[in-house]
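Input: a single structure, listed below in structure tokens.
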Amino acid sequence: MAYLIVEEEGFVKCRYPLEKDSTIIGRHPDCDIVIDDNSVSRRHAKIRRRGNQYFIEDLNSRNGTLVNREVVQKETLLFENSEIEICENIFQFVTDLSSVVVKARPTARDSTSLKSGNRRPGFALDDLPNHKSSIISSMEIVPRRGDSSVGTKSQSGYTSNLEKKLGALITVTQSLQDAENSDEIMRRVLDSLFELFIEADRGFVAMRDERGEIVPFAMKTRHAQDTERVRISRTVIQQVLDSHQAILSQDAAADQRFELSQSMADFRIRSLMCAPLINSQGVAIGAIQLDTLRSAIAFNENDLEVLVTAAMQASLALQNAELHERLLRAKKLDDDLKLANAVQMRFLPQRHPEYEGYAFYSYYSPMVQVGGDYYDFIPLDERRMAIIVADVVGHGIAAAMLMAKISAEARYTFALHQDPIKAVQQMNRNLSDMHLDKFVTLIAGVLDFHEHLITLVNAGHMRPIYVPSGRKKPYEIQITGTGLPLGIFDDVAYGSERIELKPGDSLVLYTDGVNECMNDAGEQLGVANLIDELHESQAKGAAAVGKVISQTVQRHRGNHEQIDDICFVVIGREL
């Protein structure tokens, strides 16, 4: 794959993969690569892929496009490291991101570079032949059962330098006390290792990314000049990760695995050691390498044990940092959900309608902080009002977003159509045209306060419950022409039913979270039990009926977790 990279102060600041056959660059938000610069045209340039070749053309932009400082007048072929200039923005075209060599700033001794976002430290990984090596020692890192730490198993049988290991553990542990992210952890680990190993000239950390690829992460050098054109062996890192073994080589320059086609002046390592970073699940997530460029100095087996000890502590710190970052993300998500809940509540009616001779009651409880149930009271004229209760399939943020869409669609379509059947059909067509993998059940009623009639339309929803005055038993209303839920097919036919509300009578519109609420025994409340509770209570009026329903649901559910959004509306005609 090819990339456009942006370099800033010696680092790769951004990288843009050219994954599509055609990539548009410009200021418009719909472009594949967006440049927030007023001097850039909305659609400034286009990169087209043909086989393994890439071409760039200017899209009649105001300020033009340059490649290698020449104005692009027609479709121009891009070569490796071609420089693309769009106003003040400069991109480099590359086909192998792992081979990108960025020169670090030679400002001071003991300089350290770290990965931040898409930025990479100033070293590259080379793919090298996997020949038999001259490694003199290796040490296996094995997870301990029932423990989040790891242990070591030496293959050389030498005696551990416990004092130095303990000192390394204390040094690294102290340095990591208040480190909260992976960048800071690895910077401090490298600093500590340079204190422990005065013979080390360079230190590197490579990590697996989310795709499992090995990428440069952090780097430290003792001398500023050692940051020029730094390359390390991907083969060595890969072997350490695959085998879970730390390795030591005392003459890396003579080691076949370090053979390179470029000059050995670019790769003059004399001795190196490399240890894996292994998490509590026994997965190798990265590796730390130290090397020396001086022929008179070489690491030994005790040094390798010390490096392994430091790598263990770094692995634990990385795991703790990841947990900390998860907690921060969870808190941010929780804060976002609280805000989303507050916003969603604003979509619902903030007060009940006030019409002489009528009373209303509503109840809404999402399963999580945001839900997919919805209800609304929509005034149509001085004598009519639409009452809607709906249930979006599913839960959470996606359902809540569709609920917001339903709210807008309901108010629009009922303002457009006097007939509730036409309004519901219009809502169904609009949702079907969105081609979402979700549907919505809905019941809508238009109440005429003068005639005391409510016209009901049902789109795959629960049947309303009529609660008559006196000692008559409540019952479900079967609506003629009940159709499919909204959003499945765009040409569904719906029917309607007209119900007269007599003095003292109430009508309940609800979602299935009411009748399907479950107790600890796994039993649902059921419509029949709900009707029995309403009959036995002899509740009269919207408020009384609503309180009986909410109390019945809570009593049946007990301590069992809520498994669905719960929503209902009671319409009552007063005596």
Side-chain angles (χ1 to χ4, degrees), residues 337 341 344-345 348 360-375 387-400 402-403 438-443 445 456 458-468 470-479 482-486 488 505-572:
L337 287 174
N341 175 265
Q344 185 180 44
M345 292 301 105
L348 302 177
F360 299 87
Y361 183 94
S362 61
Y363 180 92
Y364 186 88
S365 175
M367 185 186 77
V368 291
Q369 288 176 299
V370 291
D373 283 6
Y374 160 73
Y375 75 94
I387 303 103
I388 298 171
V389 172
D391 184 359
V392 177
V393 63
H395 312 287
I397 295 175
L402 186 52
M403 174 271 212
K438 286 186 177 294
F439 60 85
V440 180
T441 68
L442 173 142
I443 187 161
L456 297 168
N458 192 336
H461 201 78
M462 305 298 299
R463 297 175 183 174
I465 297 176
Y466 196 91
V467 185
R471 300 191 61 83
K472 295 179 182 179
K473 188 173 183 178
Y475 58 90
E476 289 185 283
I477 296 175
Q478 175 64 50
I479 299 176
T482 295
L484 292 172
L486 308 181
I488 298 178
D505 292 354
S506 297
L507 184 66
V508 181
L509 310 180
Y510 62 100
T511 63
D512 58 8
V514 173
N515 60 291
E516 292 181 358
C517 78
M518 192 173 294
N519 60 19
D520 287 335
E523 301 166 335
Q524 292 185 351
L525 172 60
V527 177
N529 290 332
L530 180 60
I531 288 176
D532 289 342
E533 289 287 341
L534 288 170
H535 187 218
E536 291 176 9
S537 68
Q538 289 296 298
K540 297 295 178 282
V545 170
K547 289 178 181 177
V548 168
I549 296 174
S550 61
Q551 291 170 0
T552 299
V553 169
Q554 293 297 330
R555 185 171 59 252
H556 178 81
R557 186 165 68 89
N559 295 324
H560 193 274
E561 64 178 354
Q562 186 174 328
I563 63 171
D564 199 357
D565 302 328
I566 298 174
C567 174
F568 63 86
V569 170
V570 183
I571 307 157

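Computed from a prediction, not measured in an experiment: that's the story for all the values here. Numbers for residues simply follow the sequence, beginning at 1.
Taking OH from Y364 and CG from L348, the interatomic distance works out to 6.0 Å, rounded to the nearest 0.5 Å. For the atom pair D520 CG and E561 CD, the distance stands at 10.0 Å (nearest 0.5 Å). We find the NE2-CG distance between H560 and N519 to be 7.5 Å, quoted to the nearest 0.5 Å. To the nearest 0.5 Å, atoms CD1 (I531) and OH (Y466) are separated by 14.0 Å. I563 contributes atom CD1, which lies 7.5 Å from atom SG of C517 (distance to the nearest 0.5 angstrom). Taking OG1 from T441 and CE from M462, the interatomic distance works out to 9.0 Å, rounded to the nearest 0.5 Å.
The number of heavy atoms from other shown groups lying within 6.0 Å of CD1 (I477) is above 12.
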Item to check | Pair F568-I549, side-chain contact (heavy atoms from CB on, under 4.5 Å): steps then yes or no | outcome: CA-CA 9 Å; F568 63 86; I549 296 174; 3.6 Å; yes
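In this structure, the side-chain contact (heavy atoms from CB on, under 4.5 Å) partners of L484, at least two apart in sequence or on a different chain, are F489, V492. For the side-chain contact (heavy atoms from CB on, under 4.5 Å) test, residues two or more places apart in sequence or in another chain that qualify with V393 are K438, F439. F360 is linked by a ring pair (Phe, Tyr, Trp, His ring centres under 6.0 Å) to F377, counting only residues two or more places apart in sequence or in another chain. For H535, the side-chain contact (heavy atoms from CB on, under 4.5 Å) partners at least two apart in sequence or on another chain are K473, P474, Q538. Every residue two or more places apart in sequence or in another chain was checked for a side-chain contact (heavy atoms from CB on, under 4.5 Å) with A528, and none qualifies.
Contact detail for S550 and Y361: the closest heavy-atom pair is OG-OH, 4.0 Å. Scanning both residues, L456 and G445, for their nearest heavy atoms gives CD2-CA, 3.8 Å. Looking at every heavy atom in both residues, G572 comes nearest to A542 through N-CB, 3.9 Å. Of all heavy-atom pairs between V548 and A539, the closest is CG2-CB, 3.7 Å. Of all heavy-atom pairs between H556 and L525, the closest is NE2-N, 3.2 Å.
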Please report, to 0.1 Å, the donor-acceptor pairs under 3.5 Å made by any side chain of residues 506-516, with sequence neighbours excluded.
unit_1: T511; atom_1: OG1; unit_2: D373; atom_2: OD2; d: 2.8
unit_1: T511; atom_1: OG1; unit_2: C567; atom_2: N; d: 3.3
unit_1: T511; atom_1: OG1; unit_2: C567; atom_2: O; d: 3.4

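A donor-acceptor pair is defined here as one N or O able to donate and one able to accept, closer than 3.5 Å; no such pair exists between the side chain of N458 and the backbone of T482. Side-chain N or O atoms of E476 include none that pairs as donor or acceptor with a backbone N or O of V527 at under 3.5 Å.
By the 4.5 Å heavy-atom criterion applied to side chains, D565 and P366 are counted as neighbours. With contacts defined as side-chain heavy-atom distances shorter than 4.5 Å, the pair V370/M403 does not qualify.
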